[in-house]
Amino acid sequence: MAYWLMKTEPEECSIDDFAKNPSKPICWDGVRNYQARNFMREMKTGDLVFIYHSSCDLVGIAGVVAVCKEAYSDPTQEDPASNRWSAVDLIFKERFSRIIPLATLKALPELADNPLVRKGNRLSVIPFTEHEWNACVLAAR
DNA sequence: GCCAACGTTGGC
DNA sequence: GCCAACGTTGGC
């Protein structure tokens with residue numbers, strides 16, 4: 001099993017959108033970056049994913065979802081038959097009682113090498129090591 | 001709203 | 001293949 005983080009603007013899709021319908025998968029589409037797309041294509045059913053809220057009042061990790069359908073052709077792309085872009089389906093796992101703020105994440109030594117905390121980083125799908133994952137989960141408690 | 005950093009596009 | 005211009009991301 002692998003670990004990931006995916007960014008979203010909570011106004012568009014937040015951890016609450018998962019939590020209010022915990023058995024209903026959400027199609028994660030619209031990714032238009034090749035590196036992010038390639039990571040999505042590596043995702044396996046059961047992989048765990050941090051939901052990260054960006055461009056909002058409280059930026060940080062809001063909770064956990066799981067991959068429940070592996071990569072398929074993004075239905076929102078111009079020509080879905082081209083299979084240029086990919087989507088995955090995600091399902092609710094956990095909503096943290098409080099968001100782990102970006103400042104807290106930046107202060108975690110385990111995350112020092114993670115692209116998430118590097119200035120200017122725009123990658124919206126980021127792989128996490130188990131070590132990095134566990135450090136964040138601890139910070140959420 | 002500002003602006004730095006980045007990825008993509010397109011002319012050459 | 002180079003690189004300037006442009007559009008977008010995302011923290012603040």
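Residue numbers start from 1 in every chain, and the chains themselves are labelled A, B, ... in the order their sequence lines are given, proteins ahead of strands.
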Between [N] atom [atom2] and [X] atom [atom1], what is the distance in whole Å?
{"X": "Glu9(A)", "N": "dC12(C)", "atom1": "CD", "atom2": "P", "result": "15 Å"}
{"X": "Lys106(A)", "N": "dC12(C)", "atom1": "NZ", "atom2": "C1'", "result": "9 Å"}
{"X": "Asn38(A)", "N": "dG7(B)", "atom1": "CG", "atom2": "C1'", "result": "14 Å"}
{"X": "Asn33(A)", "N": "dG10(C)", "atom1": "CG", "atom2": "P", "result": "9 Å"}
{"X": "Leu58(A)", "N": "dC12(C)", "atom1": "CG", "atom2": "P", "result": "12 Å"}
{"X": "Asn121(A)", "N": "dG11(C)", "atom1": "CG", "atom2": "C1'", "result": "12 Å"}
{"X": "Ile126(A)", "N": "dT9(C)", "atom1": "CD1", "atom2": "C1'", "result": "12 Å"}
{"X": "Glu11(A)", "N": "dT9(C)", "atom1": "CD", "atom2": "P", "result": "14 Å"}

Are OP1 or OP2 of dC12(C) and a side-chain N or O of Lys119(A) less than 4.0 angstrom apart?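 It does not, given that no N or O in the side chain of Lys119(A) lies less than 4.0 Å from OP1 or OP2 of dC12(C).
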side-chain N/O Tyr52(A) vs dT9(C) OP1/OP2, d < 4.0 Å: no
Classify the side-chain pair Gln77(A)/Ser73(A) by whether it contains a donor and acceptor separated by less than 3.5 Å.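 Short answer, yes.
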Does any donor atom in the side chain of Arg37(A) or Ser86(A) lie under 3.5 Å from an acceptor atom in the other side chain?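 Their side chains do not contain a donor-acceptor pair, so the 3.5 Å distance test is not met.
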By the 4.0 Å heavy-atom rule, please label Ser54(A) as base, sugar-phosphate, or nothing. sugar-phosphate
Please examine the side chains of Phe39(A) and Tyr34(A), heavy atoms only from C-beta on, and report whether any two atoms are closer than 4.5 Å.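 SC-SC contact between Tyr34(A) and Phe39(A) ruled out.
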Test item: Asp47(A) side-chain N/O and Met1(A) main-chain N/O as donor-acceptor pair under 3.5 Å: no
Kindly point out which of dC12(C), dT8(B), dG10(C) is positioned nearest to the side chain of Lys7(A)?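 Selected nucleotide: dG10(C).
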